[in-house]
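A note on names: the letters A, B, ... follow the listed sequences, proteins ahead of strands, and every chain is numbered from 1.
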Protein chains: 2
Amino acid sequence: MAILPAPVQNLINALARLPGIGPKTASRLAFYLLRSSDDLGEQLARALTELKSATGTCSICYNITLAGQEHCEICANPQRADGTICVVEEPMDVLAMERTGGFNGRYHVLQGVLSPIEGIGPDDLKIRQLVERVRNGEAKEIILATNPSMEGDATALYLRQQLLSYPVRVTRLARGLPVGSDLEYADQNTLLRALAGRQEIS
Amino acid sequence: MAILPAPVQNLINALARLPGIGPKTASRLAFYLLRSSDDLGEQLARALTELKSATGTCSICYNITLAGQEHCEICANPQRADGTICVVEEPMDVLAMERTGGFNGRYHVLQGVLSPIEGIGPDDLKIRQLVERVRNGEAKEIILATNPSMEGDATALYLRQQLLSYPVRVTRLARGLPVGSDLEYADQNTLLRALAGRQEIS
């Protein structure tokens, strides 16, 4: 016999499908929503319903944009520097780059990484579209900002090869010790990369 | 200039209002929902909308029940033992008790705890209704299963006093060392309660 009424159990099941949310957290959230007297549940439901219907994809860089807008705010901004395209995996990565305040160029969102295990090949990503942009002379430099993971590295390597025949500089974000970290606790690979990439103090 | 389109930002804001979900987790969830091609977002939205409209409160024990049903499944179940009422703070606690499989009686959900700091007094809880059930001779034993916290203890003490004049046994869940724990890491209070509540090995 079910102890919880179906509407509560349904919400718990749906919440537990979110990444990083297990059944315990899901039921805590469901009971919180049940108890909350304000409009939080309704606000969430509305935002969820709107999420996909009110958003689209930028036809240039494949970042998220408002539905009906062909170009995202960054591609449409004439004040952004042309000539440099930062290639990232996900829209979230654009956000991370923007937060640094250190990049004023254009973006290209691959919408994933190459992953043979998950069956994601070059055609599943926006790679052809990136090559197209390079062929059109849109960039002098391509910054490969895929994650410093195995998949991210493999994707960067693949992109490097695809762009070999074009007169474009292809760079990759530096590896090294994170700012504020401790040498003692750095993992072997990071320390090795930091050593290999050491720079002259000027 | 906003980097994220409003629909995405709205969802992040709503998610970040949930307990234990900060802005970073909220945006990770939002982007996951955006990317997920299946109906997860819709399923969540539907479950959220239904949550309050499709649920009600049991008129006997104040646990959650389906809208339109006067009694919850436990109160309506003739196979549950009458005579013992387990008093808990929240519907979630009923679930926790049920999972043990060790209790076959009835419940009473207070819908909170006494908390002078938050301005929650006896009239804000289902205390009067519990006393009414005892007065009607519904129980021979009341198990006070409020949390072993300051508020839970204060509430249990208050309930004990309210029930003094009735011929009913009032018990409280045992304190002691959690099963599988380590004496070395037990906090002082828990160890003190475990010592005070020590039992004869038979």
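- Atom CZ of residue A:F31 and atom CD1 of residue B:I64 lie 4.0 Å apart, to the nearest 0.5 angstrom.
- Contact annotation: the side chain of A:I21 approaches that of B:I21 to within less than 4.5 Å [non-hydrogen atoms, C-beta and beyond].
- In this structure, a donor-acceptor pair under 3.5 Å is absent between the side chains of A:Q111 and B:R35.
- Comparing B:L66, B:L29, B:T55, B:L40 by how many heavy-atom pairs each has under 4.5 Å with chain A, the most go to B:L40.
- In terms of heavy-atom pairs under 4.5 angstrom with chain A, the leader among B:V94, B:T65, B:L48 is B:L48.
- In the displayed structure, A:E141 atom CD is contacted under 6.0 Å by more than 12 heavy atoms of other residues, nucleotides or ligands.
- Within a 6.0 Å radius of CZ in A:R169, no more than 12 heavy atoms belonging to other residues, nucleotides or ligands are found.
- Your options are B:R28, B:K52, B:E98, B:E50, and the one with the most heavy-atom pairs under 4.5 Å with chain A is B:K52.
- The greatest number of non-hydrogen atom pairs below 4.5 Å with chain A, out of B:N10, B:L44, B:V8, is found for B:L44.
- Considering only heavy-atom pairs separated by less than 4.5 Å from chain B, the leading option among A:G20, A:P19, A:A54 is A:P19.
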>> Please determine whether side-chain contact (heavy atoms from CB on, under 4.5 Å) holds for the pair B:T49 and A:T49, giving the CA-CA distance in whole Å, both sets of side-chain angles, and the decisive distance to 0.1 Å.
In response: CA-CA 11 Å; B:T49 310; A:T49 311; over 6 Å; no
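- For chain B, no part of A:A67 is nearby; none of its heavy atoms comes within less than 4.5 Å.
- Proximity to chain A (any heavy atom under 4.5 Å) is shown, for B:S36, by both the backbone and the side chain.
- B:Q69 does not touch chain A: none of its heavy atoms, backbone or side chain, sits under 4.5 Å away.
- Atom CD of B:Q43 has more than 12 heavy atoms from other residues, nucleotides or ligands within 6.0 Å.
- Residues A:S27 and B:M92 have side chains in contact (heavy-atom distance under 4.5 Å, counting atoms from C-beta outward).
- Here the side chains of A:P7 and B:R46 are not in contact, with every heavy-atom distance at 4.5 Å or above.
- Going from atom CG of A:L51 over to atom CG of B:L33 covers 6.5 Å, rounded to the nearest 0.5 Å.
- For A:R133, the CZ atom counts as densely surrounded, since its 6.0 Å shell holds more than 12 non-hydrogen atoms of other residues, nucleotides or ligands.
- Heavy atoms of other residues, nucleotides or ligands lying less than 6.0 angstrom from CZ of B:R193 number 12 at most.
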